[in-house]
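The block underneath contains the structure these notes are about, expressed in structure tokens.
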Amino acid sequence: MNYKNITVAGSGVLGSQIAYQTAFKGFRVTVYDINDEALGKAKDRIQKLKARYQEDLGATQAEVDAAYDRMSFNSDLAAAAADADLVIEAIPEVVPIKTDFYTKLGQVAPAKTIFASNSSTLLPSQFAEATGRPAQFLALHFANEIWKNNTAEIMKHPGTDAKVFDDVIAFARAIGMVALPLQKEQPGYILNSLLVPLLDAGQRLLVKGIADPATIDKTWMVGTGAPLGPFGILDVVGLTTAYNIGLAKAQATGDEEMQKVADLLKTEYIDKGKLGVATGEGFYKYPNPAFRAPDFLKS
Ligand code: NAD
């Protein structure tokens, strides 16, 4: 892997984090977004990340400033991709937007450039043809708060070149990630293939009246040694996200139990401003949730 210049396309929540983390680890980073207003917001977001790197990682002022100095910002796609070894795409999760983006990028990027998608729910094979270079395309999926939650799931589609796969795995390690290769396409990658069924099962136990959130979490925590149960995890994910996923599932399949889950999240939590850790209360109250009390796991 001899990547030096990385372009991050889409500078929202995840794109800003991917760009800053990559610069923090010494790469030259160009941030691309649709206009200067979006890039201005990204600059603010990235300036705020500096404090998180200092608090969470013990980075020095000089280090966080040097990382920012390795970044440049451009709203012209051809210019932003002109010397890119790798373009990481983190634009909206909307198929026509991504298809259009890859079609344009494929036309303006140099032949050497590798493309990687951070999409959470769409598969690389959906866009492989649009890129014009399917062998040089794959998924590279990060988690929110990338500097702490440092998973990188690297997923091939059937046409991805083996060296490209290996190089992107090496790149993920070079920017401080734990690299998790997926040899085949899998919706939800590894993490969400495990996590979503767990969260669903917890919520179904609750709406069926089997047990309360604390008992369900306690069972999982004592039984497996996990640091959080499904409701503790839902508070971290945010109940609005959980609601949107549950509602979409209920509407797509007519699943009445999932509809009950969505209704419960809405009326008992979201409508009362209890959105999870972010608002200080969800299934638990923060910063000292009941499941952290010394006797929670003992009785
Ligand atoms: P976001 O809405 O915060 O940011 C999207 C950015 O893309 C915005 O800055 C927007 O201006 C820009 N954009 C829109 N159209 C564009 C285009 N044609 N070209 C370039 N930029 C364009 O979204 P996000 O939450 O950062 O998600 C981006 C991608 O990352 C999605 O594919 C999502 O599935 C994935 N992802 C998100 C998370 C998360 O927790 N938010 C985690 C992992 C992966």
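Both ligands and their constituent atoms are indexed starting at 1 by order of listing. Remember, predicted model here, so these are calculated numbers, not experimental data.
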(request) Specify whether the nearest protein heavy atom to atom 9 (O) of ligand 1 is under 4.0 angstrom away. (result) yes
(request) Report the nearest protein non-hydrogen atom to atom 43 (C) of ligand 1: residue, atom name, distance rounded to 0.1 Å. (result) F142 O, 3.1 Å
(request) Just go through I91, V31, D33, I97 and tell me whose heavy atom is the nearest to atom 12 (C) of ligand 1. (result) D33
(request) For atom 39 (C) of ligand 1, grab the closest protein heavy atom and report residue, atom and distance to one decimal in Å. (result) L14 CD2, 3.4 Å
(message) Any carboxylate oxygen within less than 4.0 angstrom of a Lys/Arg side-chain nitrogen, looking at K272 and E281?
(response) no
(message) Closer than 4.0 Å to some heavy atom of G10 - which atoms of ligand 1 meet that?
(response) 7 (O), 21 (N)
(message) Which of the numbered atoms in ligand 1 are under 4.0 angstrom from any heavy atom belonging to H141?
(response) 43 (C), 44 (C)
(request) May I ask whether K98 places a heavy atom under 4.0 Å from ligand 1? (result) yes
(request) Using a distance threshold of 4.0 Å (strictly less than), state whether atom 27 (O) of ligand 1 has a protein heavy-atom neighbour. (result) no
(message) Please report whether ligand 1 has a polar contact with A38, defined as an N or O pair separated by less than 3.5 Å (distance criterion only).
(response) no
(request) Using a strict cut-off of 4.0 Å, indicate which atoms of ligand 1 neighbour a heavy atom of Y32. (result) 19 (N), 20 (C)
(message) Does the residue A9 have a heavy-atom contact with ligand 1, meaning some pair of atoms that are separated by less than 4.0 Å?
(response) no
(message) Does ligand 1 come near enough to E89 that some N or O of the ligand is less than 3.5 Å from an N or O of the residue?
(response) no
(request) Would you check if the side chain of E93 reaches a backbone N or O of T121 as a donor-acceptor pair within less than 3.5 Å? (result) yes
(request) Check each of S117, A80, P92, A139 against atom 7 (O) of ligand 1 and report the one with the nearest heavy atom. (result) P92
(request) Check for a donor-acceptor pair, side chain of Q203 on one end and backbone N or O of V261 on the other, with a separation under 3.5 Å. (result) no
(request) Please confirm whether the backbone N or O of H157 pairs with a side-chain atom of S125, one donor and one acceptor, at under 3.5 Å? (result) no
(request) For the residue pair E63 and Y53, confirm or rule out a side-chain donor-acceptor distance under 3.5 Å. (result) no
(request) Please check if the side chain of N118 supplies one atom and the backbone of F142 the other of a donor-acceptor pair under 3.5 Å. (result) yes
(message) Taking the side chain as everything from C-beta on, heavy atoms only, tell me whether F115 gets closer than 4.5 Å to V87.
(response) yes
(message) Distance check, rounded to the nearest 0.5 Å: L86 atom CG versus D167 atom CG?
(response) 10.0 Å
(message) Tell me the nearest of G12, P96, S119, S11 to atom 4 (O) of ligand 1, using heavy-atom distances.
(response) G12
(message) Please list, in number order, the atoms of ligand 1 under 4.0 Å from a heavy atom of E93.
(response) 31 (C), 32 (O), 33 (C), 34 (O)
(request) Any atoms of ligand 1 less than 4.0 Å from a non-hydrogen atom of V13? List them with their elements. (result) 3 (O), 25 (O), 26 (O)
(request) Ignoring hydrogens, tell whether any protein atom lies closer than 4.0 Å to atom 2 (O) of ligand 1; use the non-hydrogen atoms only. (result) no
(request) Just jot down the ligand 1 atoms closer than 4.0 angstrom to any heavy atom of N118, in number order. (result) 30 (O), 35 (C), 36 (N), 43 (C), 44 (C)
(message) Given 3.5 Å as the limit, does a donor-acceptor pair link the side chain of D33 with the main chain of A38, or not?
(response) no
(message) Ignoring hydrogens and geometry beyond distance, is a side-chain donor-acceptor pair present between K50 and Q47 at under 3.5 Å?
(response) yes
(request) Tell me which protein heavy atom sits closest to atom 44 (C) of ligand 1, plus the residue, atom name and distance to 0.1 Å. (result) S120 OG, 2.9 Å
(request) Starting from atom 17 (C) of ligand 1, find the nearest protein heavy-atom neighbour and note its residue, name and distance. (result) I34 CG2, 3.5 Å
(request) Could you check Y269, F291, F283 and say which one makes a ring-ring contact (aromatic ring centres under 6.0 Å, His included) with F231? (result) F283
(request) Answer yes if V207 and I270 sit in the same cluster of Ile, Leu, Val, Met, Phe, Trp and Tyr residues linked by side chain heavy atoms under 4.5 Å apart, and no otherwise. (result) yes
